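Heads up, the thing below is written out as structure tokens.
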Amino acid sequence: MRKTVCSFLVVVAMALCASTVKAQQNAKGLKDAYAGYFDVGVAVNMRNIADEQQIALIKREFNSITAENAMKPGSVHPSKDRWNWREADSVADFCRRNGLKLRGHCLMWHNQIGRWMYQDSQGNLLSKEEFYQNMKEHIFTVVNRYKDVVYAWDVVNEAISDGNGPYRNTPMYQIAGDEFIKMAFIWAHEADPNAVLFYNDYNAAIPEKRNRIYNMIKKLKAEGAPIHAVGMQGHYSIYGPRIEDVDVAIQKYSELVSTIHITELDLRANQEMGGDLNLSTEGVQITPEVKARFEKQYVDLFKVLRKHKQVVRCVTFWNLSDKDSWVGERNYPLLFDAKYQPKDAYHLVKNFNPKEE
Ligand code: 9MR
């Protein structure tokens, strides 16, 4: 009898132990699975950091934050003499409170930027001197305000053209040519010599655009621009880019910089790629075939990112769940579904086997 009770207790103890181990494993997030590789980040909106359950999810899974919109020039500096810090401050405070790293996004972009930065009230382009004065003041003020918590800045976003290149023909480019890109880096570096400074763009793995980005960084570095790092945004699709192109792009950029981040990762279920705002948010049917492609693309991508762990230091998902995604939940883009539940792809990305690599 005593023997039977003992065996029973041993079995119960083992079961409890196994379930604790399982619970521990389950409790571990992406950031823990990737601890020996790179940080895993997420772009947040204001709702994400106000809702207790979403906060818990963020803290469990991620160790780096990007403000999806709150720190952009148009948000913090809508007109020359107006600053609007409320949302940017709440993201910064969220990171301070929770000991999370914060990537600053972004200092100069042709989108979500007040026109006052580069044109007068009649719509004429400003002189280079006036534009530079505005840009310098903007960069110094923002970088100084978040110096204690922002460790990396996307200094210039999307300055390379998608079509006839090499540069995107923005008003800022029309005023100052590529010198404005160099000056943005110089001033960001002056404002915070410790910040890691990024050039950030989408479709950065597509060979043509990759070469343009590569040549621009090489040229501007030679002219003295402190470009420390490349942000490859992501905004991929289940059909592309080819993982070999991601692999080659990382190798190429590593010739110029020692740090690469995937800054805005999501995978659309349709054929579109990139960060262009004119893209549709049309979804497709998530058939078993689409789901399988989605999982394979994530698995293959993370495999190549792990291979480059010496240089890839952070991978940030662009939004917390499909519900938050700028490409729409019908595009099925992230590892958490519209109910904030992990998809099968989440487990596949998380539970990789390091021995197989
Ligand atoms: O996700 C962002 C979306 O909420 C905004 O409406 C949009 C327009 O400014 O910007 C989105 O984020 C962009 C990022 O800042 C830069 N790369 C492209 C992203 C998708 O457009």
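Ligands are counted one by one from 1 in listed order, and the atoms in each one are counted from 1 as well. None of the values given here were measured: they were computed from a predicted structure.
When only modelled atom types and interatomic distance are considered, Lys218 and Asn215 share no side-chain donor-acceptor pair under 3.5 Å. Side-chain contact check for Glu130 and Ser127: at least one donor-acceptor pair (N or O, by modelled atom type) lies under 3.5 Å.
Under 4.0 Å from ligand 1, the heavy atoms of Asn157 that appear belong solely to its side chain. When non-hydrogen atoms are compared, ligand 1 lies under 4.0 Å from neither the backbone nor the side chain of Asn200. Residue Trp318 touches ligand 1 through its side chain alone, judged by heavy-atom distances below 4.0 Å.
Those atoms of ligand 1 with a heavy atom of Glu264 less than 4.0 angstrom away are 14 (C), 16 (C), 17 (N), 18 (C), 19 (C). Set against the non-hydrogen atoms of Lys72, the atoms of ligand 1 under 4.0 Å away are 2 (C), 9 (O), 10 (O), 11 (C), 12 (O), 13 (C), 14 (C), 15 (O). Listed by number with element, the atoms of ligand 1 under 4.0 Å from a non-hydrogen atom of Gln233 are 17 (N), 18 (C). Close approach of ligand 1 to Gln112 (heavy-atom distance below 4.0 Å) involves ligand atoms 7 (C), 8 (C), 9 (O), 10 (O). Within ligand 1, counting atoms from 1 as listed, the ones closer than 4.0 Å to a heavy atom of His105 are 14 (C), 15 (O), 16 (C).
Annotation: Trp109 places no N or O atom under 3.5 Å from an N or O atom of ligand 1; distance criterion only. The shortest N or O to N or O distance between Trp326 and ligand 1 is not below 3.5 Å.
Looking at every heavy atom in both residues, Ala184 comes nearest to Val156 through CB-CG2, 3.8 Å.
The aromatic ring centres of Trp326 and His235 sit less than 6.0 Å apart.
Asn69 counts as a contact of ligand 1, since one of its heavy atoms falls under 4.0 Å from the ligand.
By the 6.0 Å and 45° rule, Lys309 stacks over the aromatic ring of Tyr37.
Enclosure of atom NZ in Lys59 is not indicated, since only 12 or fewer non-hydrogen atoms of other residues, nucleotides or ligands lie within 6.0 angstrom.
The CZ atom of Phe185 sits 4.5 Å away from atom CD1 of Ile227, with the distance rounded to the nearest 0.5 Å. One distance of note links OH of Tyr346 with CG of Asp337; it measures 12.5 Å at 0.5 Å rounding.
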